[in-house]
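As structure tokens, the structure follows; a few thoughts come after it.
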Amino acid sequence: MNAPERPAASLEPHVMQTYGRLPFALSHGRGCSVWDTEGRQYLDGLGGIAVNTLGHAHPKLVPALQDQIGKLIHSSNYYHVPLQEELAAKLCDLSGLSKVFFCSTGLEANEAAIKIARKFGHDKGIERPEIVVYEKAFHGRSIATLSATGNAKIQAGFGPLVEGFVRVPLNDVPALEAVARTHPSVTAVFLEVIQGEGGINPATVDYLRAVRRLCDAQGWLLMLDEVQCGMGRTGKWFAHQWAGIQPDVMPLAKGLGSGVPVGAVVCGPRAADVLGPGNHGTTFGGNPLAMRAGVETIRIMEEERLLENVATVGAALKAGLERELADVAGVVEIRGQGLMLGIELDRPCGEILGRAADAGLLLSITAERVIRLVPPLILSRDEAARIVAILCPLIQTFLAQPEP
Ligand SMILES: Cc1ncc(COP(=O)(O)O)c(C=O)c1O
């Protein structure tokens with residue numbers, strides 16, 4: 001698994017440089033392994049940032065998508081799309097919610113949620129509806145979703161931001177109760193069940209239940225952004241299900257199409273009919289290829305009992321990291337659930353990204369100090385053990401070096 005030396009970063013003069021990229025390109029994958037164009041192999045601890053639910057080139061997904069491509073990739077929302085109804089019904093069945101709007105990405109799903117919250121307010125006669133959002137939240141990079149995001153770096157340079165958001169700290173019930181007393185125009189509370197980009201910060205079960213109660217008491221919509229933590233990633237279909245609650249609005253994307261872009265906003269009865277004809281739409285949303293990817297992803301997840309796999313392999317991965325990093329000075333906390341784990345260090349650790357790739361492991365660093373693991377949900381126990389074996393010595397070496 002040792003990666004030989006890489007060539008210098010290839011320049012991409014015609015591609016806008018909006019990402020800090022590692023200097024290699026992936027060419028193909030199988031299961032939880034990927035290979036770069038130079039033939040080096042990597043264990044995929046990133047899953048395309050929580051996207052490749054079924055890993056790479058899954059033997060059941062590939063022929064299903066080939067079949068769909070051969071029939072119809074895109075039609076139009078001018079016509080009925082039977083696969084939309086099939087995927088929507090499945091998502092409603094799994095979540096207990098009632099209706100779905102389809103789009104293509106996470107930020108689009110969140111834009112739709114924001115529009116629902118505002119229209120919900122207008123329909124009640126609230127002229128300037130407000131939405132409660134969170135410190136360290138991440139909801140996307142459109143102007144509205146970056147305004148809802150709780151990260152000044154992501155917002156810098158893009159003002160004026162969209163108004164109508166009230167920000168509170170996570171897991172702080174009194175702060176939310178104070179908003180209820182002081183902001184009569186609030187119509188919704190919008191949070192990630194586990195903050196992903198913000199550093200793998202879970203909302204506690206008690207907090208989620210308290211927010212649900214407060215939303216009911218206030219007539220607010222509870223909107224749970226499960227773009228990253230949903231679709232089985234924590235070992236239940238949706239992360240909020242660990243708290244035994246239901247949201248009114250649930251944006252999904254990332255893992256839903258196992259790599260094919262699919263976004264969805266799943267709504268319960270209070271929100272399902274807020275948007276009507278002409279209120280919202282998108283050209284690509286719900287196209288037959290995307291819908292088939294969603295339908296097949298869920299079918300294969302059920303067939304292969306991937307929720308159970310996530311729970312057992314995720315627990316083994318976390319236990320392995322906890323065991324190997326137990327007495328390592330500089331490791332602040334290991335957090336998360338299922339196959340959404342974060343290791344917080346006491347210092348910025350961006351360097352670990354390249355070192356891990358050199359050692360044959362893909363992962364990401366988020367919130368500067370948190371090593372994030374969001375591998376495919378098919379990860380095996382052996383692969384989890386390999387992640388531990390590659391990553392923990394790297395962390396120890398990194399922390400042992402003097403701070404710059
Ligand atoms: C919780 C959450 N919401 C929204 C988004 C935005 O999704 P997309 O990048 O598909 O627009 C992300 C992406 O990381 C996310 O983690």
Side-chain angles (χ1 to χ4, degrees), residues 44-53 106 110 133-140 149-151 153-154 169-172 190-208 224-236 238-243 251-255 310-311 313-326 328 330-350 352-353 356 361-377 379 384 387-388 391-392 394-395 398-399:
D44 189 358
L46 182 64
I49 324 182
V51 166
N52 296 107
T53 302
N110 286 336
V133 292
Y134 283 76
E135 291 172 6
K136 298 188 185 170
F138 183 84
H139 297 296
T149 287
N151 181 331
K153 270 196 197 160
I154 287 173
L170 187 63
N171 293 327
D172 184 340
F190 187 26
L191 72 153
E192 299 154 83
V193 179
I194 302 177
Q195 291 181 333
E197 305 305 300
I200 313 293
N201 308 312
T204 65
V205 162
D206 286 348
Y207 185 73
L208 289 168
L224 296 179
D225 179 347
E226 294 237 14
V227 165
Q228 189 162 154
C229 61
M231 292 313 300
R233 182 139 297 278
T234 65
K236 288 205 188 272
F238 308 108
H240 66 263
Q241 290 172 332
W242 291 103
L252 298 173
K254 286 196 181 272
V310 169
V313 175
L317 177 56
K318 196 173 187 192
L321 296 168
E322 283 166 348
R323 186 186 63 240
E324 294 302 317
L325 298 172
V328 177
V331 175
V332 175
E333 195 181 14
I334 299 171
R335 296 189 287 267
Q337 193 164 8
L339 289 173
M340 182 171 183
L341 299 177
I343 306 159
E344 182 176 347
L345 305 188
D346 66 355
R347 66 201 73 169
C349 59
I352 287 188
L353 192 65
L361 175 65
L362 302 185
L363 45 73
S364 82
I365 308 298
T366 185
E368 282 190 349
R369 306 162 182 246
V370 181
I371 301 163
R372 171 173 51 177
L373 293 167
V374 280
L377 305 189
L379 193 80
I387 291 179
V388 173
L391 182 56
C392 292
L394 279 177
I395 294 174
F398 172 77
L399 289 170

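Gln228 places no side-chain N or O within donor-acceptor distance of the main-chain N or O of Ala50, the cut-off being under 3.5 Å. In this structure a side-chain-to-backbone donor-acceptor pair under 3.5 Å is missing from Arg233 to Val310. Here the side chain of Asn171 pairs a donor or acceptor atom with the backbone of Pro202 at under 3.5 angstrom. With hydrogens and angles disregarded, no donor-acceptor distance shorter than 3.5 Å links the side chain of Lys318 to the backbone of Leu341. Here the side chain of Glu226 pairs no donor or acceptor atom with the backbone of Val193 at under 3.5 angstrom.
Here the side chains of Leu191 and Val133 are not in contact, with every heavy-atom distance at 4.5 Å or above. Contact of the Ile49 side chain with the Lys254 side chain is registered, since non-hydrogen atoms from C-beta on lie closer than 4.5 Å. Contact of the Leu361 side chain with the Leu394 side chain is not registered, since no non-hydrogen atoms from C-beta on lie closer than 4.5 Å. Between Pro375 and Met340, the closest side-chain pair of non-hydrogen atoms is not below 4.5 Å. Two residues are said to be in side-chain contact when any heavy atoms from C-beta on lie closer than 4.5 Å; Leu339 and Leu373 fail this criterion. Ile343 is not listed as a side-chain neighbour of Val370, based on a closest heavy-atom distance of 4.5 Å or more. For the pair Thr366/Phe138, no side-chain contact is recorded, criterion being any heavy-atom separation below 4.5 Å from C-beta on. Looking only at side-chain heavy atoms (C-beta outward), Phe238 and Leu252 come within less than 4.5 Å of each other.
Tyr134 and Gln195 make their closest contact through CB-NE2, 4.0 Å (heavy atoms, listed as atom of the first residue, atom of the second, distance). Here the closest heavy-atom approach between residue Gly198 and residue Ala367 is recorded as O-CB, 3.5 Å. Gly48 and Asn52 make their closest contact through N-OD1, 3.3 Å (heavy atoms, listed as atom of the first residue, atom of the second, distance). In terms of heavy-atom proximity, Thr149 sits nearest to Gly140 at OG1-O, 3.6 Å. The two residues Ala384 and Val313 make their nearest non-hydrogen contact at CB-CG1, 3.8 Å.
From Ile371, atom CD1 reaches atom CD1 of Ile334 across 9.5 Å, with rounding to the nearest 0.5 Å. Atom CG in Leu363 sits 6.0 Å away from atom CG in Leu391 (nearest 0.5 Å). In this structure, the separation between NZ on Lys236 and CE on Met231 is 15.0 Å, given to the nearest 0.5 Å. Atoms CZ and CG, on Arg323 and Leu325 in that order, are 10.0 Å from each other to the nearest 0.5 Å.
Annotation: salt bridge (charged side-chain N to carboxylate O under 4.0 Å, His left out) contacts of Glu368 (sequence neighbours excluded): Lys153. Applying the side-chain hydrogen bond (donor to acceptor under 3.5 Å, both in side chains) criterion to Ser364, with sequence neighbours excluded, gives Arg372. With sequence neighbours excluded, the residues that form a side chain to side chain contact (heavy atoms under 4.5 Å, CB included) with Ala253 are Val227. Annotation: side chain to side chain contact (heavy atoms under 4.5 Å, CB included) contacts of Ala316 (sequence neighbours excluded): Arg381. Residues forming a salt bridge (charged side-chain N to carboxylate O under 4.0 Å, His left out) with Glu192 (at least two apart in sequence, or on another chain): none.
Among pairs with a residue in residues 336-346, those fulfilling side-chain hydrogen bond (donor to acceptor under 3.5 Å, both in side chains) read Arg335-Glu344, at least two apart in sequence or across chains.
Taking the six-membered ring where the residue is Trp, His139 and Phe190 present parallel rings, their angle staying beneath 30° rather than reaching 60°.
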Could you check Asn201 against Lys136 for side chain to side chain contact (heavy atoms under 4.5 Å, CB included), going step by step and ending with a plain yes or no?
CA-CA 9 Å; Asn201 308 312; Lys136 298 188 185 170; 3.9 Å; yes

